[in-house]
Structure formats: C-alpha cells, structure tokens
Student: 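One structure follows; several queries about it will come next.
The sequence lines fix the lettering, A, B, ..., with proteins before strands; numbering per chain opens at 1. All values derive from a computational prediction rather than experimental measurement.
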Number of protein chains: 2
Amino acid sequence: MARTTGSDGEKTEAAVREAAVNLIARYGYEAMSMRQLAAEVGVQAAALYRYFPTKGDLLFTLMREHMEGLREAWENARPADADPAEQLAAYVRNHIAFHIERRHATHVSNMELRSLSPDRLTQILRMRTAYEKDLRAILRDGAEAGVFSVEDTGLTAMALIQMMTGVIVWFRPGERLSVTEVTATYLSMTMRLVGAKIGGTEEKHVHEHAQLRA
Amino acid sequence: MARTTGSDGEKTEAAVREAAVNLIARYGYEAMSMRQLAAEVGVQAAALYRYFPTKGDLLFTLMREHMEGLREAWENARPADADPAEQLAAYVRNHIAFHIERRHATHVSNMELRSLSPDRLTQILRMRTAYEKDLRAILRDGAEAGVFSVEDTGLTAMALIQMMTGVIVWFRPGERLSVTEVTATYLSMTMRLVGAKIGGTEEKHVHEHAQLRA
DNA sequence: AATATAATAAAACGAACGTTCAATTAATTC
DNA sequence: GAATTAATTGAACGTTCGTTTTATTATATT
C-alpha cells in the first residue's frame, strides 16, 4: 500500500501533534517511541518524518508553540491601565486558565526541558523568563506603591509560579472543584501571600476583592 | 579480567546509588542507560545486576528510600505539643531543608513516577499522601481554632506543597540567597498565605513570628 | 596452602530504537 | 486523460538497549 484514500497532510500533522502531546505527557519523551506515536495516529512510523525531520524537532516545536501561546494569551489578557493588585489578579487568572486548559502541553514544557539540545533549551528558557519577568515587574510596582508587602520580588515570583502551575498536577476537570472555584481560591491565596492591601485596609478586603473577579 | 583489586560490594552499591540519582536527575530515567551508569561508577554494566535485579528495581529502591527518609525526617522534626502555627512552621522548615538537601533525589521522586509499574506507583503515592495528610491536619486544626483562615484545606495544602517543593527548581547553593534566608522568606509567605494570626493580632506579627524561627 | 565465596569482566542475546529509501497509490493540475 | 504532486507503506539500516551467561580473579575462611 501507499497513499490511503482520504489522507490529508494538514489533518495528519494536527493528529500527530495532539497524539504526541498526550503520549509525551503520559509516558515521557524518551519513553514514547515513534512507532507508538504513529500507531496512535493510525499511520506507519515513516509517515511522521514527512512533518517533523526528527523526534527532537517534534518536541521542540510542541514546546515553542506552547510558550508562544502562553505569551500571546497573557498579552491579550493583560489590562492596559490598572493598579498592581488588578494586574496581579489578571496574571493569576490567565496563568491558571491557560495551564488548566493545556494541562498536557504544560506537562511537556515543564518536564522535558532536559531532552532539548543546549541551544534549544536556551531558547525555551528565554521565553519562559520573559513571561515571568512581567510578574516580577507587577510585584515590584506593587511593593514600591506600598500595596504589596513582599520581602523578595524574585523569590515571591518563583513561589507564585510554582504554586499556580502546580494546579495541573492534581486538578482534574469534573471533580470536586470547578475551574472557577479553584481560580477564586488561588486568587485569594495569592493576594494574602503578597500581603495585598486595598486602600490601606486589612486582609478581609483582599478576600472580597479576589472573589469578586474570579 | 574479573574481580578487581580493592573491589568492595558495599562501596560499589553506594556508588551505584549515588551515580544513579545524579544521572536520572540530570538526564531522566529513560535516557540514562545502564552502561552509562556503569561507566560513571567505573564498572561494567553487568556488575550492576549484582546489586539491583533490573533497572526498574533500581529506580523504585531510590524512590522508596527517599520517601521513607522524608517521613522519618518529619517524624523527628515534628513538635510534640504545639499550636497549629508552630506546627506549620516546623512542617515548612523540615520540608524545605529536606528538599534542598536532597535536590536530586527529590527531582527523581517527582519526575519519574510515570516510569514505575502500576503497583509500585501506588506504593509511592501512598507514602506521599500519608506525608501530605499531616499538613492538611495542621491546616484543619488551625482553621478550626480560628488562627488560620483557609477556604479549602486540601487545596491550600497542595498549593503550599507545590510552592515549597518548587524551591529545588531554581535554588542553587552558594548563590544569592542562603538556605536560612530562603526558608525565612518561605515561612513568612506561608504564614501570610494561610492568614495566620497570633493571638488575634494582625499580619505584622506573623512576620516577626516567622523570622524568629527560620 | 587449600578451599570457598564475593566481585567483576567480557561477550553475547534478542528486541527495540530512530531513521532512510524505494515503491506505490490517491489527489490534483493541466 | 495524461502528467504531476502529495501522502503513505513496507522493508531495511546500523545502533543501542536491558539483560544473561560464563569465565576469571581477588578476598575471606578454614
């Protein structure tokens, strides 16, 4: 046999991407074989090489596009003129929504960094750093304006990122909590963690503020 | 050649364990070959099988002993009679100290769960759940006593664990911050996150409390 | 000194790996 | 409807994998 009836390059490539994200997230990049991936798509292994020159290229493509998607989502969600608390809330909401929506792709981007070649690793890390830089800026602005009380901007940013991204480890859609509920709770935890004060008032207002916009 | 001068089973086994933790942490379990591991130890691949029947057994042994070590460390660090804030502080201190001390082993235990057989995965997850259960209990006690204000005990516990364990991702000994400084900052972030109040006073006291014992 | 045992090397096993190549068929273009 | 292009198969390549077997040597025991 050769070309099959109804075969379509675009559809096959999309199927390969989706199957690859799922398989790598479940078994890991090294553990997934090209034959296994091909079988999942319903195609022979050789056919994969029409779309991705090597297994490594496939991984890098998936990661790069995931990072680009994250950047893009944040640029769209970012409020133009807003106080630091408002901006932080937007950052948290976008981060959690994006990561829950693309759980498997996030897993791949976080777990398979070591399977990238050095220069590709650098590229991905650069994108990640750029994204995290905005969070640090928000925290710094808030600290300088006196609405946040953070001891160490960089450390707090890392702690928040780890905390938020960690959602994908345990969150399963359709279980005890909805995305909205999870986001609301994380938002209020975030606001307390950075010691957010709205108009010089105490903690209770942070709760209300957070839940208002979740 | 065969047995080499100065060869010693105990030393070789210890060298295998240490090299395995480092290699798996750096390259991943699937990516590390038995020949690579043997070369790191300075031995032929066949010699490894005197100590571990299969590659999978090696991984499981490393993980199980890491989890047992974590449990043991916490049992020793746990304060006998203490209020929830005191207990939470002890939990955070122990968790961060243990994970920074055993960065590579923690990486293995967190990243290579998918390489375990189903029943072994269950065993490791059971140990992890048992450890995390104590944190949930502390949070619940604090919430009931009115010294913490947490909306969802389970969710808060997960957020805290992710936040604390995340330290190993970016922390490098001998860089900008010392272990003591990092622990102090994480402690105060934790206390703020759970809305800790000491004797009904406000947030500022939480800071002092946290930094006092870091 | 002889014997037993512990620790390793060296070589080999079949299986699976990523990848390439030539052949073949479906869809498109002219 | 003939020629071209797109999509895929099936078979094969050399390499590496985890593991086993057998032989060999160092150490411990008697």
Student: Could you tell me the separation between the CZ atom of Arg35(B) and the C1' atom of dC13(C), rounded to a whole number of Å?
Tutor: 11 Å

Student: With the side chain counted from C-beta on, respond yes when Pro173(B) and Arg103(B) share a heavy-atom pair under 4.5 Å apart, and no when they do not.
Tutor: yes

Student: Could you check whether any side-chain heavy atom of Leu155(A) comes within less than 4.5 Å of a side-chain heavy atom of Met189(B), counting everything from C-beta outward?
Tutor: yes

Student: If we only count heavy atoms from C-beta on, is the Thr156(A) to Leu135(A) side-chain gap below 4.5 Å?
Tutor: no

Student: Respond yes when some side-chain nitrogen or oxygen of Thr12(A) is under 4.0 Å from OP1 or OP2 of dA7(D), and no when none is.
Tutor: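 For Thr12(A), the contact criterion (side-chain N or O under 4.0 Å from OP1 or OP2 of dA7(D)) is not met.
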
Student: For Met163(A) and Thr190(A), work out which heavy atoms get closest and say how close.
Tutor: CE-OG1, 3.5 Å

Student: Distance check needed: dT19(D) P versus Leu48(B) CG, whole Å only.
Tutor: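 Atom-to-atom, Leu48(B) to dT19(D), this comes out as 10 Å.
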
Student: Give me the residues of residues 25-33 of chain A where at least one heavy atom lies under 4.0 Å from an atom of DNA chain D, by number, or none.
Tutor: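 Under 4.0 Å from DNA chain D: no residue of residues 25-33 of chain A.
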
Student: Does the side-chain contact (heavy atoms from CB on, under 4.5 Å) test come out yes or no for Glu68(B) and Met127(B), once each step is laid out?
Tutor: CA-CA 8 Å; Glu68(B) 286 169 354; Met127(B) 301 171 88; 3.4 Å; yes

Student: Whole angstrom is fine here: how far is it from CD1 in Ile24(A) over to P in dG18(C)?
Tutor: 11 Å

Student: Could you check how far CD of Gln36(A) sits from C1' of dC17(C), rounded to whole Å?
Tutor: 12 Å

Student: Could you state the NZ-P distance from Lys11(A) to dA26(C), rounded to the nearest angstrom?
Tutor: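 To the nearest whole Å, that distance equals 17 Å.
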
Student: Please tell me which of the listed nucleotides, dT9(D), dT8(C), dT19(C), lies nearest to the side chain of Val43(B)?
Tutor: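 The closest nucleotide is dT8(C).
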
Student: Angle between ring planes, His95(B) versus Tyr131(B), binned at 30° and 60°: parallel, tilted or perpendicular?
Tutor: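 The rings of His95(B) and Tyr131(B) lie parallel, inter-plane angle below 30°.
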
Student: Quick check on contacts: within residues 50-61 of chain A, what sits under 4.0 Å from DNA chain D by heavy-atom distance?
Tutor: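 Arg50(A), Tyr51(A), in order of number.
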
Student: Report yes if some heavy atom in the side chain of Trp170(B) is under 4.5 Å from a heavy atom in the side chain of Gln162(A); otherwise report no.
Tutor: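 They are in side-chain contact.
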
Student: For Tyr49(B) and dT22(D), what is the distance between atoms OH and P respectively, to the nearest whole Å?
Tutor: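 Rounded to whole Å, this separation is 17 Å.
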
Student: Rounded to the nearest 0.5 Å, what's the gap from CE on Met191(A) to CZ on Arg192(B)? Could you check?
Tutor: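 If I round to the nearest 0.5 Å, the distance is 13.5 Å.
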
Student: Kindly point out which of dG18(C), dT8(C), dT9(D) is positioned nearest to the side chain of Gln44(A)?
Tutor: dT9(D)

Student: Measuring from atom CG of Leu113(A) to atom CG of Leu59(A), what distance do you get when rounded to the nearest 0.5 angstrom?
Tutor: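 Atom-to-atom, Leu113(A):CG and Leu59(A):CG are 9.0 Å apart.
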
